[in-house]
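Report on the structure given below.
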Amino acid sequence: MILNIEGLEFHYKSREVLNDISFSVEKNEILTILGPNGVGKTTLLKCINRIHHPKSGSILVGDRDIMKMTLPDIAKKVGYVAQSCEKGRLTAYDAILLGRKPHITWSVSEKDIRMVDAVINRLHMQELSMRYIDEMSGGELQKVSIARAIVQEPSLMLLDEPTSSLDLKNQQEILRIVSEVVKGHNVSAVMTMHDINTALRFSDRFLMLKDNRIFAAGGPEVITPENIKQVYDVDVDVEFLKSGPVVIPSQAAFV
Amino acid sequence: MHLNGGQIPDEYKKYTGRKISIIIAGIIVLFLLLILSISVGAVSIPFYDVFQTIFLQQKSDQWYTIIWNIRLPQALTGIVAGAGLAVAGVAMQSILRNPLGSPYTLGISNAAAFGAAFSVIILGTGTMHSTGGDAIVLDNPYITTIVAFFFCLVATAVILFISKIRGSSPEVMVLAGVAIGSLFTAGTMFLQYFADDNQLAAVVFWSFGDVGRADWGELILMGVVTIVCSLYFIINMWNYNAIDAGDETAKGLGVNVERIRLVGMIVSSFLSAIIVSFLGVIGFVGLVCPHITRRLIGDDHRFLIPGTIVCGGILLLASDTAARLILAPHILPVAILTAFMGAPVFIYLLIKGYTR
């Protein structure tokens, strides 16, 4: 098991944001957190790598308690791709190299360079690597962010809305990369996402949040019209195509 | 780009090599400027004699007193103060992620000016003498410096206190700094309103930053503080690169962003306070040198911090040299020249954009 969360609770000042959250993620698994805006999806991700401090509960990555680890140690285990990334005047190569920060004590080692090389090759970013990130498109920048998280050598990757603001082609490409990394290495991923159909295509399991709690958890079978109605307050139909289930807003939703 | 497993790629080597070359070129320019700065003035000293007097230390040399007692400490003070203010500026801009961050814009300099005004007018530590060949003399410059330093620390403490209450976000720190700066400016104006002519002149003179004020002892103190603080910033270069990518990304990379921001602010404010307290208000260096360097070598702090240190030294030393020559034998305070020299360069680079 890569991630195990028990009884997680998080309050922002006096407001309850997450309550009684328990779930686990296995090796080579992609888990997607679904739910409406403001339900606590991003907060949950940020609790996992201690950007936020949970009020109570336990978070184990591998067999180690996140709350007892130093921040650089957490960064060696958990890679985080934030929803938005600042565009500094750095080349993609430098921006990816930055992912080695938890491992770099003073200067860059041969292993750091080898890791960066391998990821650039793997993600076919050779042409991109010497370009400045402040001149990149959203899709290119997202690739750089994911590459940076991969060179951290994490066992768990957290991706906050990795496909928001990307066109269809880039959405597919980014998630294919995530999928390849997860399936090809001993890595797992937890993502937040709004597009249920994209999530269905690339995720193994789902966590549906409602009212700051887990409403449903499991495989694609939890994506039902009833659950979506409960969580999003939207009427949908779930059609089963050759490629898998597809969520379509029902006629009632347009009336 | 061609990647060759584990070796730094040639294209990347070339790219970083260009940045290192710019820094080395800057150091050479700074050294030549140092010799030039010592050579020129009311009395011109040949380059060879400057070189010989400094490096061979021939005490019998006719230039020895001028060089060792006047021009060398002044030139070195220019380099140290320029480097210190510039590195404080680049640190403030990076940790606050705000291009307007500098000791001047964050109110540290205003606080020092208020401290000097308070010292001169309320504590009676200063009166005007003359502005001729020698510098203005404050009756008790040490008290003035200490009071200015004290108020610098007060300004820093207030900014940090507000940050503690509201969180160490860049917005809170910048806005608090601007508010504190305005408050101290108003306080200075209030004191000046009730000052007599001599006190007013002393306060105004103090606020014109001047590198000619420091003696060897003060220069060594400023030098040690500048070196120690610069080393702190250099040690944290990877942290600043991470913060540049955004707070959340930095935290995801294991950086304790709040602590780095807080300690960085304390160190940069302390460094600025030391320099401003001894030399007076020297604006623009801390703001513009990081931007000039960014445009020449980019945002990577591995190169940006040393580059900015060199750039600060060059700008302030060049300004001081020009300030001594423009109206010779009269000497202009360097603070007037920093903006005159730095602004056109900065505007040119702003229009030209980044160097590729």
Side-chain angles (χ1 to χ4, degrees), chain A residues 42 46 49-52 70-76 78-95 97-108 110-118 120-121 125-130 132-134 145 148-149 152 154 158 160, chain B residues 1-16 18-19 93-94 97-99 167 170 234-260 290-291 293-304 353-356:
Chain A
T42 299
K46 289 181 182 175
N49 71 344
R50 231 177 71 195
I51 289 178
H52 288 332
T70 63
L71 291 177
D73 279 347
I74 294 173
K76 286 176 189 167
V78 183
Y80 179 66
V81 179
Q83 210 173 108
S84 62
C85 178
E86 300 290 327
K87 293 182 174 185
R89 191 70 183 163
L90 288 177
T91 60
Y93 192 94
D94 285 324
L97 183 62
L98 191 57
R100 296 298 296 166
K101 200 211 154 283
H103 305 271
I104 295 172
T105 42
W106 177 247
S107 63
V108 177
E110 196 181 298
K111 188 188 175 191
D112 299 323
I113 297 294
R114 216 170 34 237
M115 285 295 301
V116 173
D117 281 6
I120 287 174
N121 277 327
M125 294 173 70
Q126 291 91 337
E127 298 304 316
L128 215 64
S129 62
M130 288 309 292
Y132 286 98
I133 59 171
D134 62 354
S145 299
R148 178 166 54 213
Q152 282 177 246
L158 307 174
D160 192 5
Chain B
M1 187 171 74
H2 176 67
L3 303 170
N4 47 353
Q7 296 293 311
I8 295 176
D10 288 342
E11 202 178 335
Y12 186 70
K13 259 189 205 164
K14 214 168 117 188
Y15 162 80
T16 51
R18 199 185 63 79
K19 292 172 193 286
Q93 287 172 14
S94 299
R97 285 174 44 212
N98 189 308
I234 289 170
I235 287 167
N236 280 286
M237 60 194 180
W238 284 102
N239 289 329
Y240 298 146
N241 276 350
I243 291 173
D244 255 4
D247 281 12
E248 288 180 4
T249 302
K251 286 175 183 175
L253 291 168
V255 178
N256 188 336
V257 175
E258 281 80 15
R259 195 168 66 195
I260 292 289
H291 288 295
T293 315
R294 271 178 217 280
R295 273 162 175 75
L296 291 173
I297 61 177
D299 286 347
D300 188 338
H301 287 80
R302 290 177 295 163
F303 308 103
L304 178 60
Y354 285 96
T355 304
R356 294 288 179 269

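Chain A is the first sequence line, chain B the second, and so forth, proteins listed ahead of strands; every chain is numbered from 1.
How far CD of Glu248(B) is from NZ of Lys46(A): 3.0 Å, rounded to the nearest 0.5 Å. Remark: Leu90(A) CG to Asp244(B) CG distance equals 6.5 Å, nearest 0.5 Å. Between atom CZ of residue Arg302(B) and atom CG of residue Leu97(A) there is a gap of 6.0 Å, rounded to the nearest 0.5 Å. Interatomic distance, Leu253(B) CG to His103(A) NE2, rounded to the nearest 0.5 Å: 9.5 Å. Going from atom CG of Asp134(A) over to atom CG of Asp299(B) covers 7.5 Å, rounded to the nearest 0.5 Å.
The shortest side-chain heavy-atom distance between Lys101(A) and Asn241(B) does not fall under the 4.5 Å cut-off.
Contacts of Arg50(A) with chain B are absent, with no heavy-atom separation under 4.5 Å from either backbone or side chain. Neither the backbone nor the side chain of Ile74(A) comes within less than 4.5 Å of any heavy atom in chain B. For chain A, the nearby parts of Ile234(B) are the backbone and the side chain; heavy atoms of each come within less than 4.5 Å. When heavy atoms are compared at a cutoff of 4.5 Å, Ile235(B) approaches chain A by way of both its backbone and its side chain. Contacts of Val257(B) with chain A are absent, with no heavy-atom separation under 4.5 Å from either backbone or side chain. Neither the backbone nor the side chain of Val81(A) comes within contact range of chain B; no heavy atom of the residue lies under 4.5 Å from a heavy atom of that chain. Only the side chain of Ile104(A) has a heavy atom closer than 4.5 Å to any heavy atom of chain B.
Under the side-chain hydrogen bond (donor to acceptor under 3.5 Å, both in side chains) criterion, Asn236(B) pairs with Asn239(B), not counting sequence neighbours. Annotation: side-chain hydrogen bond (donor to acceptor under 3.5 Å, both in side chains) contacts of Thr91(A) (sequence neighbours excluded): Asp94(A).
No other option in Ala242(B), Ala245(B), Gly246(B) has as many heavy-atom pairs under 4.5 Å with chain A as Ala245(B). Considering only heavy-atom pairs separated by less than 4.5 Å from chain B, the leading option among Asn49(A), Leu71(A), Asp73(A) is Leu71(A).
Residues Gly252(B) and Ala75(A) share a closest heavy-atom pair of O-CB, 3.5 Å.
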